[in-house]
Amino acid sequence: MKWSILGDGVTGLCVATALTQAGECCEVITSNHTAASHWAGGMLAPYCEAESASAYVTEQGLKAITWWQNHIQTVHRQGTLVVAPVRDTQELHHFAHLTQGHQWVKPHTLEPDLADSFEKGLFFSQEAHLNPRHALQQLKEQLKQRGVMFHHQAPSGKIVDCRGISATDTLSNLRAVRGEMLILHSNDLEFSRPIRFLHPRFPCYLVPRGDGQFMLGATMVESQDTGQITVRALLELLTSLYVLNPAFAEAKILETGTGLRPSFPNNLPQIQYQQGKHFINGMYRHGFLLAPILAEQFVQSISKS
Ligand SMILES: Cc1cc2nc3c(=O)[nH]c(=O)nc-3n(C[C@H](O)[C@H](O)[C@H](O)COP(=O)(O)OP(=O)(O)OC[C@H]3O[C@@H](n4cnc5c(N)ncnc54)[C@H](O)[C@@H]3O)c2cc1C
């Protein structure tokens with residue numbers, strides 16, 4: 001066995017995909033830790049993320065949308081709609097100032113089920129979303145079909161460590177940014193694209209998952225606590241949801257969850273080589289947006305060495 005990838009989150013699976021496509025042989029070592037990837041929203045939002053991220057995230061994230069479209073069947077390229085309450089319209093203007101790739105719209109023309117109190121919105125037509133659990137499952141199936149083994153046993157090849165937050169045992173400057181989220185079900189409401197709700201205190205986003213399901217997220221807390229969602233997080237997220245449409249009051253809560261986003265001090269991912277092992281980590285809030293890019297960079301780097 002040539003390569004042993006530790007971790008089957010989005011980073012590990014993208015690395016395994018890139019390696020096998022380059023003709024390399026690999027195995028994936030799994031564990032019982034739940035991946036942050038399992039809780040992700042699945043937004044591929046390179047333009048919106050520029051609100052708080054560098055140009056690198058936008059440039060590379062745009063390439064990653066194409067990567068996902070080439071690798072899985074269920075990428076929805078319906079754009080992102082950003083809204084704010086009328087009294088917080090300045091938030092929307094500030095967001096527009098920090099980002100590109102948008103146009104001003106009347107939110108209702110795109111999403112008739114939004115509450116009619118939203119007068120203006122920003123539409124990022126080139127953005128996309130996917131269901132992270134389906135996407136990971138599809139990558140895994142493709143890898144198995146190419147003969148990649150997934151197992152819990154000791155690695156037998158050169159290590160590529162993609163353990164996310166578990167790698168803090170070696171990567172001393174890796175920290176956790178806790179994200180709390182919910183999965184809801186409503187038969188009464190339909191949305192086609194992620195809705196980002198700007199609010200000075202309770203921002204949130206809603207990602208449609210099909211069949212009446214929605215992911216509502218997510219908090220950003222500097223904490224490595226993996227415990228259950230807090231009352232505060234639940235109250236804040238649901239309060240904002242209610243503003244998007246009061247009919248969400250009748251939605252069912254199917255699931256709540258907490259994931260730890262593995263993050264370096266500059267919130268950008270890195271490829272490192274330490275103690276004879278490769279590390280690919282620090283995806284922060286951009287695992288789905290950047291893991292394909294880091295995976296390809298990694299494969300290019302080993303082909304040169
Ligand atoms: C609520 C929430 C919403 C998010 N929304 C988005 C979004 O919309 N778009 C986006 O791009 N990103 C989003 N993110 C960020 C994204 O989820 C993370 O950046 C990404 O999941 C990190 O992936 P990873 O594979 O590096 O780590 P993880 O997903 O945490 O995977 C690490 C893997 O390593 C395994 N592991 C641990 N220890 C060992 C061991 N000893 N041996 C073998 N395996 C081991 C674990 O089991 C796990 O499978 C969100 C995150 C959260 C929490």
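Order of listing sets the numbers, starting from 1, for every ligand and every atom in it.
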Verdict with supporting geometry, L238 and F248, side chain to side chain contact (heavy atoms under 4.5 Å, CB included):
CA-CA 9 Å; L238 292 178; F248 270 117; over 6 Å; no

Carefully, step by step, assess E49 and R285 under the rule salt bridge (Lys or Arg N to Asp or Glu O under 4.0 Å).
CA-CA 9 Å; E49 287 300 312; R285 49 186 280 162; 2.9 Å; yes

Side chain to side chain donor-acceptor pair (under 3.5 Å), that's the test. Do Q138 and T74 meet it? Break it down for me.
CA-CA 9 Å; Q138 285 178 53; T74 45; 3.0 Å; yes

Full working for side chain to side chain contact (heavy atoms under 4.5 Å, CB included) between L13 and F150
CA-CA 11 Å; L13 295 181; F150 288 75; 3.6 Å; yes

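Environment of CG in D211: sparse, with no more than 12 heavy atoms of neighbouring residues, nucleotides or ligands closer than 6.0 Å. Around atom CD of Q90, more than 12 heavy atoms belonging to other residues, nucleotides or ligands sit under 6.0 Å away. The 12-atom threshold is not exceeded at CD of E190, counting heavy atoms of other residues, nucleotides or ligands nearer than 6.0 Å. In this structure, H71 places its NE2 atom where more than 12 heavy-atom neighbours from other residues, nucleotides or ligands lie under 6.0 Å away.
The single protein non-hydrogen atom nearest to atom 41 (N) of ligand 1 is R163 CD, 3.6 Å, given as residue, atom name and distance. Here the heavy atom of the protein found nearest to atom 3 (C) of ligand 1 is Y205 OH, 3.3 Å. The nearest heavy-atom contact from the protein to atom 19 (O) of ligand 1 is Y284 O, 2.7 Å. In this structure, atom 49 (O) of ligand 1 lies nearest to the protein heavy atom D8 OD1, 2.8 Å. Protein heavy atom at the shortest distance from atom 29 (O) of ligand 1 is S37 OG, 2.5 Å. Looking only at heavy atoms of the protein, atom 13 (C) of ligand 1 is closest to R285 O, 3.4 Å. Atom 43 (C) of ligand 1 has as its closest protein heavy atom I29 O, 3.4 Å. For atom 37 (C) of ligand 1, the nearest non-hydrogen atom of the protein is S166 OG, 3.3 Å.
Contacts classified as side-chain hydrogen bond (donor to acceptor under 3.5 Å, both in side chains) and involving residues 243-262 (residues at least two apart or in different chains) are given here: R133-E255.
Heavy atoms only, all atoms of each residue included: H129 and P194 are closest at ND1-CD, 3.3 Å. Among all heavy-atom pairs drawn from I229 and R178, the shortest one is CA-NH2, 3.9 Å.
Within the 4.0 Å heavy-atom cutoff, C162 counts among the residues contacting ligand 1.
Residue A218 has no nitrogen or oxygen atom sitting less than 3.5 Å from a nitrogen or oxygen atom of ligand 1, judged on distance alone. Note: an N/O pair closer than 3.5 Å links H33 and ligand 1 by distance alone. On a distance-only criterion, G12 and ligand 1 share no N/O pair closer than 3.5 Å. Looking at M43 next to ligand 1, an N or O pair under 3.5 Å apart turns up. On a distance-only criterion, E180 and ligand 1 share no N/O pair closer than 3.5 Å. Taking distance alone, with nitrogen or oxygen atoms compared against 3.5 Å, V10 approaches ligand 1 more closely than that limit.
Proximity to G41 (heavy-atom distance under 4.0 Å) selects the following atoms of ligand 1: 3 (C), 4 (C), 5 (N), 6 (C), 7 (C), 8 (O). If you number the atoms of ligand 1 from 1 as listed, the ones under 4.0 Å from a heavy atom of A36 come out as 17 (O), 21 (O), 28 (P), 29 (O), 30 (O). Residue contact check: F288 has heavy atoms under 4.0 Å from atoms 10 (C), 11 (O), 12 (N) of ligand 1. Within the listing of ligand 1, atoms 53 (C) sit less than 4.0 angstrom from a heavy atom of G259. Close approach to T11 involves these atoms of ligand 1, each under 4.0 Å from a residue heavy atom: 23 (O), 24 (P), 25 (O), 26 (O). Remark: ligand 1 atoms within the under-4.0 Å shell around heavy atoms of G42 are 7 (C), 8 (O). Taking every non-hydrogen atom of G7 and a distance limit under 4.0 Å, the qualifying atoms of ligand 1 come out as 33 (C), 34 (O), 35 (C), 43 (C), 44 (N). Near W39, with a cut-off below 4.0 Å to any heavy atom, the atoms of ligand 1 are 1 (C), 2 (C), 3 (C).
With 3.5 Å as the limit, one finds no donor-acceptor pair spanning the side chains of Q274 and T170.
Remark: E236 does not engage R201 in a salt bridge, criterion side-chain N to carboxylate O under 4.0 Å.
Counting heavy atoms closer than 4.0 Å to ligand 1, residue A40 contributes atoms from both its backbone and its side chain.
The hydrophobic cluster containing V82 also includes Y47, L62, L92, F95, W104, L122, F124, L198, under a criterion of side-chain heavy atoms closer than 4.5 Å among ILVMFWY residues, counted directly or through chains of members.
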